There are 4 protein chains.
Amino acid sequence: MGKREDNAIATRKKLISTANQLIVQHGYENISVDAIVKASGIAKGTFYNYFDRKEDLIFELSKQRFAPITARTTELTNDDPLSNIQRYLVDFMTVIADSKIGLARQWVRYISASSANNAKWQFDVQSFERLLMKLIDLNQLKIATPVHQLAQLLLTQLYGVILTWCITSETLDPVATVKRFCALQLPSLLGPYLVKE
Amino acid sequence: MGKREDNAIATRKKLISTANQLIVQHGYENISVDAIVKASGIAKGTFYNYFDRKEDLIFELSKQRFAPITARTTELTNDDPLSNIQRYLVDFMTVIADSKIGLARQWVRYISASSANNAKWQFDVQSFERLLMKLIDLNQLKIATPVHQLAQLLLTQLYGVILTWCITSETLDPVATVKRFCALQLPSLLGPYLVKE
Amino acid sequence: MGKREDNAIATRKKLISTANQLIVQHGYENISVDAIVKASGIAKGTFYNYFDRKEDLIFELSKQRFAPITARTTELTNDDPLSNIQRYLVDFMTVIADSKIGLARQWVRYISASSANNAKWQFDVQSFERLLMKLIDLNQLKIATPVHQLAQLLLTQLYGVILTWCITSETLDPVATVKRFCALQLPSLLGPYLVKE
Amino acid sequence: MGKREDNAIATRKKLISTANQLIVQHGYENISVDAIVKASGIAKGTFYNYFDRKEDLIFELSKQRFAPITARTTELTNDDPLSNIQRYLVDFMTVIADSKIGLARQWVRYISASSANNAKWQFDVQSFERLLMKLIDLNQLKIATPVHQLAQLLLTQLYGVILTWCITSETLDPVATVKRFCALQLPSLLGPYLVKE
DNA sequence: GATGAATGAGGATTCATTCAT
DNA sequence: CATGAATGAATCCTCATTCAT
């Protein structure tokens with residue numbers, strides 16, 4: 001209860017989602033506050049009731065965008081470590097590939113803009129590390145596995161695929177590329193650390 | 001003789017180099033023609049004697065930036081294919097790492113902006129392919145080596161390092177990262193295709 | 001109540017009237033948006049809240065200028081057809097002559113610029129035709145009167161006087177010229193079509 | 001002798017004729033000195049060797065344009081004063097109608113711009129007056145003919161046709177309009193002043 | 001909380017004109 | 001005489017932001 005609050009939240013959401021759409025389509029720099037409020041059917045002044053400056057919007061957007069990418073915490077259902085890791089990598093890329101290429105471009109543009117976005121990378125690395133550590137716990141990987149190094153290497157490859165996708169777009173299927181990488185590389189990469197029975 | 005032409009060329013160069021500096025520091029969208037001409041000590045009108053529009057400048061810049069990255073055609077001096085490939089990868093990254101982080105960011109921003117920059121990727125892939133094919137010619141790699149796949153995989157990794165560097169900057173040393181990748185991955189990646197004596 | 005709307009309307013009017021003054025004095029091409037807003041004491045951005053482009057202003061102005069010229073629908077009070085027609089012609093020219101010569105020049109400049117302004121001519125011709133037809137109705141002119149031809153001929157003369165006035169300005173009194181034309185020409189021009197008692 | 005002078009004259013002519021073409025097509029304000037020199041294949045500096053300012057060009061153009069309009073001094077070959085006058089009027093309009101409508105528009109625009117162009121009108125009036133006086137000399141018109149008044153009235157009509165043509169363009173045939181005027185008006189207009197045999 | 005009119009610094013671009021070569 | 005690089009004021013227009021209602 002609090003109809004006013006509800007309305008306020010709705011207005012805020014409307015603003016964000018409209019901005020998201022427009023920015024994905026045309027890029028951040030090409031979207032004016034004017035365009036956002038007109039497309040939302042909301043007054044310009046109202047925009048500034050919710051955001052102190054235009055920049056605050058993109059911060060809000062980035063939070064929303066980054067979230068789902070690592071939201072899917074892969075369930076470790078079977079006993080093959082390679083499959084588990086592959087599933088994680090493929091899931092990761094699938095989330096990104098499901099969005100429009102414009103979104104990915106925006107993401108790259110934004111994340112590469114400054115080292116202030118460091119956190120995202122750290123977070124992703126840690127996610128990977130957690131995965132690998134779980135596999136160690138499950139006795140699928142050796143205790144001596146260089147967790148941090150592997151996580152960075154894998155993530156770098158993923159980021160590389162994203163960037164490449166932005167550049168080549170139509171030509172390249174990012175998920176297929178990840179799968180090929182897994183087939184070609186994962187066995188030899190993880191081979192030394194697998195616990196054999 | 002030719003004093004006027006020389007001056008003209010100098011003016012053009014001045015404009016380009018100043019723009020390059022400013023854009024590297026602040027990003028393309030944040031640099032106005034005004035800022036460029038003021039920093040150059042050149043009149044605004046003169047700018048438009050050389051470039052029909054601001055956009056033409058970045059085209060000019062990108063040409064200059066992209067050129068050196070693959071200009072260094074690695075010499076294949078010794079008989080170890082792994083070293084040859086590693087040297088190529090390291091050289092590639094060194095050229096990029098030698099520039100400021102701002103330049104790399106600008107490069108990522110620019111190259112990921114549209115699939116029109118596809119050509120750069122294609123070109124890099126082909127460079128890699130040529131390297132691998134030379135190694136086949138030299139009987140260091142097997143004829144059956146999947147040249148295209150390997151080239152793409154290696155380049156994706158390089159691009160991934162670049163993007164990661166843009167994100168983490170101070171934290172990460174891109175050249176070291178490439179070296180680590182080579183040490184960790186190249187042997188197993190190329191192992192199946194090495195011609196053993 | 002409605003204070004903001006009132007202000008907005010006032011601002012718009014202020015902009016239009018200022019622009020009108022300046023343009024009459026100096027001509028459209030010689031007046032910058034800057035000059036208009038400075039003279040209005042209104043911010044430049046505000047100008048663009050009301051008009052998408054400078055051109056829209058002149059469209060607005062032309063509408064206002066054209067309107068009054070034919071607004072005065074001459075009352076047909078007496079029984080002499082020649083007087084009625086003369087009064088109409090003189091009224092027409094008086095409206096124009098009452099404005100400054102600069103306005104007339106602007107009008108000529110604008111109306112002669114393209115055949116898109118055709119409508120104004122058509123409208124004026126029709127006004128004349130209506131007048132003549134009324135006189136036929138009143139049995140002052142014969143039914144056989146070549147209404148369209150006469151209307152065109154008379155209007156051409158009026159337009160000629162306007163253009164001549166623009167050229168000679170101080171030397172020529174447009175209203176007097178029209179009167180002279182009426183005295184000299186109307187009798188013989190209309191003679192054949194007068195209904196005599 | 002004077003090859004250099006010849007070249008100079010040629011350059012000047014080239015500049016003027018190119019400017020004329022461009023201005024007829026696009027209107028004075030839309031043609032830059034740059035456009036003129038580029039279209040002429042002549043250097044910008046050279047332009048300023050011949051004309052101190054851009055305005056001087058249009059002055060030059062106007063002289064050339066105005067000239068032919070009254071160059072055709074009508075020969076008075078037969079003994080019918082009405083035919084003589086009609087021929088003069090029709091010739092006058094034919095010269096104008098032979099040019100493109102754009103030229104006429106430019107002419108109107110230019111001549112109506114300021115009373116500095118008064119001279120053109122005076123000159124045309126005098127031409128008419130001379131014609132009428134010749135007819136008086138030839139004993140075709142009475143000595144009491146109000147030469148000045150008639151000349152002004154006829155010329156006003158001509159100018160009116162020109163202006164109307166600019167407004168209506170496709171719809172109206174200026175020469176035909178003049179002929180109609182002659183048929184409809186000349187007899188009664190000149191009737192009182194004809195010398196009857 | 002919502003509105004939208006007002007703001008004005010800043011953006012890209014044009015162009016007549018000058019002057020050293 | 002011819003050249004064309006250099007100039008910079010002026011032009012139209014954009015846009016994030018403020019504030020009275």
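Everything numeric here is computed off the predicted structure, so don't read it as measured data. All chains are named by letter (A, B, ...) in the order of the sequence lines, taking the proteins before the strands, and each is independently numbered beginning at 1.
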- Message: Give me each pair satisfying salt bridge (charged side-chain N to carboxylate O under 4.0 Å, His left out) with a member in residues 35-51 of chain D, each pair once, sequence neighbours excluded.
- Response: D:Asp34-D:Lys38, D:Asp34-D:Lys44
- Task: Can you see which heavy atom on A:Ile167 is nearest to which on B:Ile111, and at what distance?
- Result: CG1-O, 3.6 Å
- When every non-hydrogen atom of A:Arg105 is compared with those of A:Cys166, the smallest separation belongs to NH2-O, 2.9 Å
- Message: Return whichever of C:Val33 or A:Val33 has its heavy-atom-nearest nucleotide of DNA chain F closer to the 5' end.
- Response: C:Val33
Rounded off to whole Å, could you give me the [atom1]-to-[atom2] distance for the [X] and [N] pair?
{"X": "B:Asn30", "N": "E:dG11", "atom1": "CG", "atom2": "P", "result": "10 Å"}
{"X": "C:Lys14", "N": "E:dA6", "atom1": "NZ", "atom2": "P", "result": "13 Å"}
{"X": "B:Asn7", "N": "E:dC19", "atom1": "CG", "atom2": "P", "result": "17 Å"}
{"X": "C:Asp34", "N": "E:dG10", "atom1": "CG", "atom2": "P", "result": "15 Å"}
{"X": "C:Asp6", "N": "F:dA20", "atom1": "CG", "atom2": "C1'", "result": "14 Å"}
{"X": "B:Ile9", "N": "F:dA6", "atom1": "CD1", "atom2": "P", "result": "11 Å"}
{"X": "C:Lys54", "N": "F:dA10", "atom1": "NZ", "atom2": "C1'", "result": "11 Å"}
{"X": "A:Phe51", "N": "F:dC15", "atom1": "CZ", "atom2": "P", "result": "19 Å"}

- Query: For DNA chain F, what is the dot-bracket line, given that a base pair needs Watson-Crick (N1 to N3, plus N6-O4 or O6-N4) or G-U wobble (N1-O2 and O6-N3) geometry with both distances under 3.5 Å, and | means paired with another strand?
  - Reply: .||||||||||||||||||||
Whether the side chain of [X] engages the backbone of [Y] through a donor-acceptor N/O pair (distance < 3.5 Å, no angle test) should be reported.
{"X": "C:Tyr50", "Y": "C:Ala8", "result": "yes"}
{"X": "D:Ser17", "Y": "D:Lys14", "result": "yes"}
{"X": "A:Thr46", "Y": "A:Ile42", "result": "no"}
{"X": "C:Asn20", "Y": "C:Ile16", "result": "no"}

- Note on the structure: By nearest-nucleotide position on DNA chain E, the 5'-leaning member of A:Tyr50 and C:Arg12 is A:Tyr50
- Looking at C:Thr11, does any N or O in its side chain come under 4.0 Å of the phosphate oxygens OP1/OP2 on E:dA6? yes
- Item | Short side-chain N/O contact to F:dC12 OP1/OP2 from C:Arg53, under 4.0 Å | no
- Task: Go through D:Arg53 and D:Asp56 one step at a time and tell me if the side-chain contact (heavy atoms from CB on, under 4.5 Å) criterion holds.
- Result: CA-CA 6 Å; D:Arg53 44 197 64 259; D:Asp56 294 353; 3.5 Å; yes
- Near DNA chain E, which residues from residues 35-49 of chain B have a heavy atom under 4.0 Å away? B:Lys44, B:Gly45, B:Tyr48
- Residue among C:Leu22, C:Leu57, C:Thr18, C:Ile58 satisfying side-chain contact (heavy atoms from CB on, under 4.5 Å) with C:Ile31: C:Leu22
